[in-house]
Amino acid sequence: MQYPVNEIFETIQGEGHFTGVPAVFLRLQGCPVGCAWCDTRHTWEVDSKDEVTQDAVIGAGDGEPRWAGWDLDTLVAHLTGPQYRARHLVITGGEPCLYDLRPLTERMHAAGWRCQIETSGCFEVLTHPDTWVTVSPKIGMKGGLEVQRSALERADEIKHPVAMQKHIDELDALLEGVDLSGKTVALQPISQQHRANELCVRVCIERNWRLSIQTHKYLNID
Ligand code: SF4
């Protein structure tokens with residue numbers, strides 16, 4: 001089993017339920033979802049011309065496409081090595097659910113780590129049952145993929161970027177019939193726009209949902 005890794009770096013989780021928690025981020029390469037406003041377009045293709053060494057993906061990247069294949073044993077040995085203090089692994093992308101994450105999350109949970117994945121919800125979620133699943137549903141994107149009902153049901157957290165009322169309406173339609181008890185639902189204002197901030201605050205108060213702020217953007221860190 002090989003995972004195509006774009007970057008591995010340690011930072012603070014900047015958004016959602018675990019905001020402020022020190023974390024190691026594992027970004028996997030590959031995503032066919034096609035969001036128009038994607039800020040990680042360099043992760044979309046797993047192109048052989050962009051393959052680099054494993055050492056080259058350790059540390060935050062510069063936004064250029066790159067990836068290295070890591071087998072499970074080498075990846076777990078690296079992540080659990082002495083260079084990282086965090087015990088919270090965030091598996092993101094790209095779209096991490098292109099890959100079977102059960103072997104990796106099983107090993108990391110067994111090593112005493114908490115695992116979290118961040119996914120568009122367009123693919124089946126294959127993880128250890130204790131892995132925290134954050135679905136940021138991508139609705140009507142260019143890739144033509146649909147958000148999977150099974151991903152919404154598996155989610156521990158549904159985190160939705162919002163710029164206007166239309167995005168709340170889309171979310172309502174998507175969540176119709178999904179049992180939200182025990183799930184965190186968070187609205188995340190897009191691009192620090194004042195109008196989006198006001199809308200998200202109002203709806204979060206009305207529904208007792210959470211507000212997710214992209215604190216890493218305010219802090220200007222990766
Ligand atoms: S799902 Fe994520 S990585 Fe994929 S296109 Fe959308 S924002 Fe970008």
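Atoms within each ligand, like the ligands themselves, are counted from 1 in listed order. Hydrogens, waters and symmetry mates play no part in the numbers below; they use all other heavy atoms, side chains included. Owing to the predicted nature of the structure, the values given are computational and were not obtained by experimental measurement.
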_Check for me whether the distance between the ring centres of W113 and H88 falls short of 6.0 Å._
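Aromatic pair excluded; centres sit 6.0 Å or further apart.
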*Numbering the atoms of ligand 1 from 1, which are under 4.0 Å from a heavy atom of W44?*
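Listed by number with element: 5 (S), 8 (Fe).
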_According to salt bridge (charged side-chain N to carboxylate O under 4.0 Å, His left out), who are the partners of E106, at least two apart in sequence or on a separate chain?_
none
_Working note: T134 + Q116, criterion side-chain contact (heavy atoms from CB on, under 4.5 Å); need CA distance, chi angles, decisive distance, verdict._
CA-CA 7 Å; T134 301; Q116 175 184 9; 3.0 Å; yes
*Under 2.8 Å from atom 6 (Fe) of ligand 1, how many protein N, O or S atoms can be found?*
1
*Of the protein's non-hydrogen atoms, which lies at the shortest distance from atom 2 (Fe) of ligand 1, and what is that distance?*
G94 O, 4.3 Å
*side chain to side chain donor-acceptor pair (under 3.5 Å) pairs, two or more places apart, involving residues 37-56*: none
*Partners passing side-chain hydrogen bond (donor to acceptor under 3.5 Å, both in side chains) against R102 (at least two apart in sequence or in another chain)*: D100
*Full working for side-chain contact (heavy atoms from CB on, under 4.5 Å) between D156 and V135*: CA-CA 8 Å; D156 297 285; V135 174; over 6 Å; no
*Any ion pair linking R114 and D130 (charged N to carboxylate O, less than 4.0 Å)?*
no
